[in-house]
Amino acid sequence: MKENKYKELLPQVRALIEGETDAVSVMANVAAALRETMGFFWVGFYVVKGDKLHLGPFQGSVACYRIPFGKGVCGTSWQRAETIVVEDVEAFPGHIACSSLSRSEIVVPVKNAESQVCAVLDIDSTSLSDFDATDQLWLEQIVAPLGALF
């Protein structure tokens, strides 16, 4: 059951983050922990730089380097400053296909102390409808402390 995996993962991620100040290092370990524990196809971060999201630490196949504000699932999550769960990426208007194997996706914004989005966590699955409210709840808890690094 995925909720049990998240329950075990959350304290591990908090331990990885505790006392660390380097955002790149922390994002790298969080992406690795998520992929290893949950078995996701692709897990990674995009970091806000100017008017684009830039590829950050990730686990999985090659990815898009930059995503404009408001474009694709990641850019839309940044624009809305909210988590977006996509059951079928082909049905999402303007979806950016970094991999043709991706079928569903969840994107969770990382917000700093001023509630500004400074990065997004992007997770892709090769299965349709792989993400739900359970993933959203736990992933939002996992990324919440990362905002302090920006």
Side-chain angles (χ1 to χ4, degrees), residues 2 5-6 9-10 12-13 16-17 20-150:
K2 69 179 163 183
K5 287 183 181 180
Y6 280 122
L9 181 61
L10 184 59
Q12 293 172 19
V13 168
L16 286 172
I17 295 169
E20 292 300 325
T21 58
D22 185 85
V24 172
S25 298
V26 169
M27 288 185 291
N29 272 335
V30 170
L34 279 166
R35 187 158 191 240
E36 189 175 290
T37 301
M38 303 304 293
F40 296 130
F41 169 66
W42 195 93
V43 179
F45 290 89
Y46 282 91
V47 179
V48 174
K49 292 183 183 179
D51 64 346
K52 291 187 174 57
L53 291 167
H54 288 248
L55 181 63
F58 71 93
Q59 296 279 312
S61 57
V62 297
C64 303
Y65 283 110
R66 284 171 285 288
I67 299 173
F69 182 76
K71 301 296 181 187
V73 182
C74 291
T76 302
S77 176
W78 174 24
Q79 181 181 44
R80 295 181 186 170
E82 65 185 31
T83 299
I84 297 178
V85 177
V86 179
E87 293 182 3
D88 180 356
V89 295
E90 298 298 324
F92 190 88
H95 175 255
I96 299 169
C98 295
S99 171
S100 60
L101 298 176
S102 178
R103 301 301 311 275
S104 61
E105 185 171 2
I106 185 169
V107 179
V108 183
V110 177
K111 298 177 185 176
N112 63 19
E114 292 80 36
S115 294
Q116 296 172 320
V117 176
C118 46
V120 298
L121 169 64
D122 180 18
I123 303 177
D124 292 15
S125 172
T126 56
S127 301
L128 289 170
S129 304
D130 212 16
F131 304 105
D132 57 23
T134 299
D135 297 289
Q136 180 174 344
L137 173 75
W138 289 96
L139 292 169
E140 287 175 352
Q141 291 180 65
I142 286 169
V143 304
L146 296 175
L149 300 171
F150 291 90

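Residues: numbered from 1 along the sequence shown.
- The disulfide bond (SG atoms under 2.5 Å apart) analysis of residues 39-77, with sequence neighbours excluded, yields the pairs Cys64-Cys98.
- The line from CD1 of Ile123 to CH2 of Trp42 is 9.5 Å long, rounded to the nearest 0.5 Å.
- Shortest non-hydrogen contact noted between Gln136 and Val85 is OE1-CG2, 3.9 Å.
- The aromatic rings of Phe40 and Tyr6 sit tilted relative to each other, their planes meeting at an angle between 30° and 60°.
- For the pair Val143 and Pro109, the tightest heavy-atom approach, listed with the atom from each and the gap, is CG2-O, 3.7 Å.
- Between Val30 and Phe45, some side-chain heavy-atom pair lies under the 4.5 Å cut-off.
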Throw together a table of side-chain donor-acceptor distances under 3.5 angstrom for residues 111-120, partners on residues two or more places apart or in other chains.
unit_1, atom_1, unit_2, atom_2, d
Lys111, NZ, Ala81, O, 2.9
Asn112, OD1, Glu114, N, 2.9
Asn112, OD1, Ser115, N, 3.3
Asn112, OD1, Gln116, N, 3.0
Asn112, ND2, Gln116, OE1, 3.4

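- Put simply, the side chain of Phe150 does not reach to within 4.5 Å of the side chain of Val48, judged on heavy atoms.
- Annotation for Ile17 and Pro145: closest pair CD1-CG, 4.0 Å, computed over non-hydrogen atoms.
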Inset, instruction - Step by step, work out the side-chain hydrogen bond (donor to acceptor under 3.5 Å, both in side chains) result for Thr83 and Glu140. - result: CA-CA 8 Å; Thr83 299; Glu140 287 175 352; 2.5 Å; yes
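- You'll find the side chain of Leu34 reaches within 4.5 Å of the side chain of Leu121, heavy atoms only.
- Side chains of Met27 and Val110 form no contact here, defined as non-hydrogen atoms less than 4.5 Å apart.
- To the nearest 0.5 angstrom, Ile106 atom CD1 is 8.0 Å from Asp132 atom CG.
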Inset, instruction - Please step through side-chain contact (heavy atoms from CB on, under 4.5 Å) for the pair Val43 and Phe58, ending with a clear verdict. - result: CA-CA 6 Å; Val43 179; Phe58 71 93; over 6 Å; no
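- Side-chain atoms of Leu10 and Ile142, non-hydrogen and from C-beta on, do get closer than 4.5 Å to each other.
- With rounding to the nearest 0.5 Å, the separation of CZ in Phe92 from OG1 in Thr76 is 4.0 Å.
- When all heavy atoms are compared, the tightest approach of Tyr46 to Tyr65 is CE2-O, 4.3 Å.
- With rounding to the nearest 0.5 Å, the separation of OG in Ser125 from CG in Leu101 is 10.5 Å.
- Note that CG of Asp130 and CD of Glu105 are 12.0 Å apart. Values are rounded to the nearest 0.5 Å.
- Using modelled atom types, one side-chain atom of Ser104 and one backbone atom of Ser127 make a donor-acceptor pair closer than 3.5 Å.
- Tested against Val73, the residues Val86, Asp122, Asp124 include a single side-chain contact (heavy atoms from CB on, under 4.5 Å) partner, Val86.
- Counting only distance, with no hydrogens or angles, the side chain of Arg35 and the backbone of Phe41 share a donor-acceptor pair below 3.5 Å.
- The pair Asp135-Lys2 meets the salt-bridge criterion, since a charged nitrogen lies less than 4.0 angstrom from a carboxylate oxygen.
- Separation of atoms CZ (Phe131) and CD1 (Ile84) is listed at 13.5 Å; rounding is to 0.5 Å.
- Within a 6.0 Å radius of CD in Glu82, more than 12 heavy atoms belonging to other residues, nucleotides or ligands are found.
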